Amino acid sequence: MAQQATLKSMDSSPNNTRLWVLGAFLAGILLTLGYKDVYPDLERRFQRSRRRSSVISDKDAARGTSTVQLTDNPRRQSTAGPLEQEIAEGIEGCIGNTPLIKIKSLSDFTGCEILAKAEFLNGAGNSPKDRVALNIIRMAEEEGLLTPHSGDMIYEGTVGSTGISLAAICRARGYLAHICMPNDQALEKSDLLEKLGAEVERLRPAPIVDQNQFVNKAKARAIEHTNDPNKPGRGIFADQFETDANWRAHYEGTGPEIYRQTGGVLDGFVTGAGTGGTISGVALYLKPRIPELKVVLADPQGSGLFNRVKYGVMFDPKEREGTRRRHQVDTIVEGVGINRVTRNFEAGRELVDDAVRVTDDQAMAMARWLVEKDGIFCGSSSAVNCVAVTKAALQMGPGHRLVTILCDSGTRHLSKFWKYAGSIGSKDDLTLDEVLNAGSP
């Protein structure tokens, strides 16, 4: 009987083994499914615990205790959520670090790599003047000249872009802006200034020796404000043409960005000058690092800077007595060109190697070309820059790399420059050779 029981037990053991294996397999499946649901909650608890430890460690450090707590970088990506991105501090955080883009049509035509710094993507006033306006305000704050929300007002004489930048940044930092500008500038500029809450004073164009010239008037208004006991705060004259805050904004920002974005491999830098801050600041930064760099001024008709660079004198034939159509610069281009020496231009003038004259017809033809071929809708000063950089590239020959500036959008030039330039498709399809020679006899 014992032998029969033993045999029966041996016969049933394979069945028991199979049952145990099947049971373990099912249990494993159930455990896995359960753990899958529990795991995310455990992970979240773990991450919360780790962040709590990090906070405690920071508090201990603030109290000066000797406890050292090693923690992971809180910006490191984890399964608890996506990687945290850097957050800009206000609208001022959107100024600078603009893209450097290749203009394909001009590059293909010249055999050079023509790059443009997209300064119209600055986030406050959408132009390179954002950098200048912010630096002017910061330096005034550091010197104790401005107090937020005190009634302090910044006064400036400008053809538009600097005023727009000042108006936006003033609002962001607790100040007011009063802008004096010539009354022959595009109306959308003064309209935008008013929408930004700035006081706008449009004046008859006049030479700098006239006390009613827009820059002189802005300076006088600032003094009147400060001396008026019935007005809160003080009046501060921004003085973009003469303040070192202008060229320093580009020496500390635009220049280093171009150097980094090009890896220091650059043959030419081409841009226009209104105040002169951009060309001086960038040249002062880049030339010591790239000694062979060629810096070229882009200058519209009627401006005296072309002759200042080429021949050392401030004179243009269109400025002769009896030949001027207007009081300042004989061109429909806005934002560049001037007939006096400014402190900002003189800061880097010795580093400017050459100058290119650009006519209104060339600028308008280039503006249409850029829309038709590259989808770039730019303003008049940007069009001047693109004519000049193309001419400079052709002069240097294929294989070189040049950078210019796209200053602002064409949306600020609809009522003047683009009114004369015309709509896309309304002109004959010009070649780029014809663009560069537009208006030539």
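Just so it is clear, the model here is predicted, and its values are computed rather than measured. Values reported hereafter were calculated over all heavy atoms of this structure, with side chains retained and with hydrogens, waters and symmetry mates removed.
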Do K117 and T271 pass the side-chain contact (heavy atoms from CB on, under 4.5 Å) test, and can you show the C-alpha distance, the side-chain angles, and the key distance before you say yes or no? CA-CA 10 Å; K117 193 86 164 101; T271 192; over 6 Å; no
For a side-chain contact (heavy atoms from CB on, under 4.5 Å) check, start with the C-alpha distance between W369 and L432, then their side-chain angles and the critical distance, and finish with the verdict. CA-CA 8 Å; W369 172 276; L432 200 45; 3.7 Å; yes
Show the numbers, then the answer: is there a side-chain hydrogen bond (donor to acceptor under 3.5 Å, both in side chains) between D361 and T359? CA-CA 5 Å; D361 288 333; T359 68; 5.2 Å; no
Evaluate the criterion side-chain contact (heavy atoms from CB on, under 4.5 Å) for residue pair R368 and W418; output intermediate values, then yes/no. CA-CA 9 Å; R368 293 195 304 271; W418 271 100; 4.2 Å; yes
Could you walk me through whether V356 and V389 satisfy the side-chain contact (heavy atoms from CB on, under 4.5 Å) test, starting with their C-alpha distance in whole Å, then the side-chain angles of each, then the deciding distance to 0.1 Å, before giving a yes or no? CA-CA 9 Å; V356 174; V389 75; over 6 Å; no
List the steps and the verdict of salt bridge (Lys or Arg N to Asp or Glu O under 4.0 Å) for R131 and E252. CA-CA 10 Å; R131 301 176 187 266; E252 296 168 359; over 6 Å; no
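With rounding to the nearest 0.5 Å, the separation of SG in C112 from CG in L394 is 7.5 Å. Rounding to the nearest 0.5 Å gives a distance of 5.0 Å between CD1 of I169 and CG of L134. How far CD1 of I258 is from OH of Y285: 10.5 Å, rounded to the nearest 0.5 Å.
Across every non-hydrogen atom of N385 and C407, the tightest pair is ND2-SG, 3.7 Å. Residues L402 and A392 come closest through the heavy atom pair CD2-CB, 4.0 Å. Pairing each heavy atom of L436 with each of T390, the nearest pair is CD1-CG2, 3.9 Å. When all heavy atoms of Q301 and D360 are compared, the pair lying nearest together is OE1-N, 3.0 Å. The two residues K416 and A186 come nearest to each other via the heavy atoms CB-CB, 4.3 Å. Taking both residues in full, the closest heavy atoms of A238 and T243 are given as O-CG2, 3.7 Å, listed atom of the first, atom of the second, then distance.
In the displayed structure, E292 atom CD is contacted under 6.0 Å by more than 12 heavy atoms of other residues, nucleotides or ligands. The environment of NZ in K231 is crowded: more than 12 heavy-atom neighbours from other residues, nucleotides or ligands sit within 6.0 Å. Annotation for E224: atom CD counts as buried by contact number, over 12 foreign heavy atoms lying within 6.0 Å.
In this view, E199 and H178 satisfy the side-chain hydrogen bond (donor to acceptor under 3.5 Å, both in side chains) rule, not counting sequence neighbours. For H400, there are no ring pair (Phe, Tyr, Trp, His ring centres under 6.0 Å) partners two or more places apart in sequence or in a different chain. Evaluation of the ring pair (Phe, Tyr, Trp, His ring centres under 6.0 Å) rule for F237 yields no partner, not counting sequence neighbours. With sequence neighbours left out, the salt bridge (Lys or Arg N to Asp or Glu O under 4.0 Å) criterion links D354 to K310. Partners of E188 according to the side-chain hydrogen bond (donor to acceptor under 3.5 Å, both in side chains) rule, which considers only residues two or more places apart in sequence or in another chain, are S415.
One N or O on the side chain of N122 and one on the backbone of S127 form a donor-acceptor pair closer than 3.5 Å. Counting only distance, with no hydrogens or angles, the side chain of N135 and the backbone of V132 share no donor-acceptor pair below 3.5 Å.
With a 4.5 Å cut-off on side-chain heavy atoms, M364 and I332 count as touching. Residues R171 and L196 have side chains not in contact (no heavy-atom distance under 4.5 Å, counting atoms from C-beta outward). Contact annotation: the side chain of L100 approaches that of T262 to within less than 4.5 Å [non-hydrogen atoms, C-beta and beyond]. Looking only at side-chain heavy atoms (C-beta outward), F214 and N183 stay at 4.5 Å or farther from each other. Between I179 and I164 there is no side-chain heavy-atom pair separated by less than 4.5 Å. The shortest side-chain heavy-atom distance between L305 and V336 does not fall under the 4.5 Å cut-off. A 4.5 Å side-chain heavy-atom check between I114 and F109 finds every atom pair outside the cut-off. Side-chain contact between Q240 and V215 is absent, with no heavy atoms from C-beta onward closer than 4.5 Å.
Between D239 and R343 no salt bridge is recorded (no basic side-chain N to carboxylate O distance below 4.0 Å). The residues R401 and D267 are annotated as not salt-bridged, no charged nitrogen and carboxylate oxygen being separated by less than 4.0 angstrom. The pair E346-R349 counts as a salt bridge, with a side-chain nitrogen and a carboxylate oxygen less than 4.0 angstrom apart. R173 has a carboxylate O that lies under 4.0 Å from a charged side-chain N of E141, or vice versa, which qualifies the two as a salt bridge. Salt-bridge annotation for E242 and K219: absent, with no side-chain N of the basic residue lying under 4.0 Å from a carboxylate O of the acidic one. With respect to the salt-bridge test (charged N to carboxylate O, under 4.0 angstrom), the residues E334 and R412 do not qualify. Salt-bridge check for K189 with D408: failed, with every basic side-chain N at 4.0 Å or more from each acidic carboxylate O.
D433 and T431 are not linked by any side-chain donor-acceptor pair at a separation below 3.5 angstrom, with hydrogens and angles left out of the test. Side-chain polar atoms of S280 and N344 form no donor-acceptor pair below 3.5 angstrom.
When each of T278, T162, T342, T275 is tested with N246 by the rule side-chain hydrogen bond (donor to acceptor under 3.5 Å, both in side chains), just one qualifies, namely T275.
Applying the ring-ring contact (aromatic ring centres under 6.0 Å, His included) rule to pairs touching residues 115-143 yields nothing, sequence neighbours excluded.
Relative orientation of the Y155 and H225 rings is perpendicular, given thresholds of 30° and 60° on the angle between their planes.
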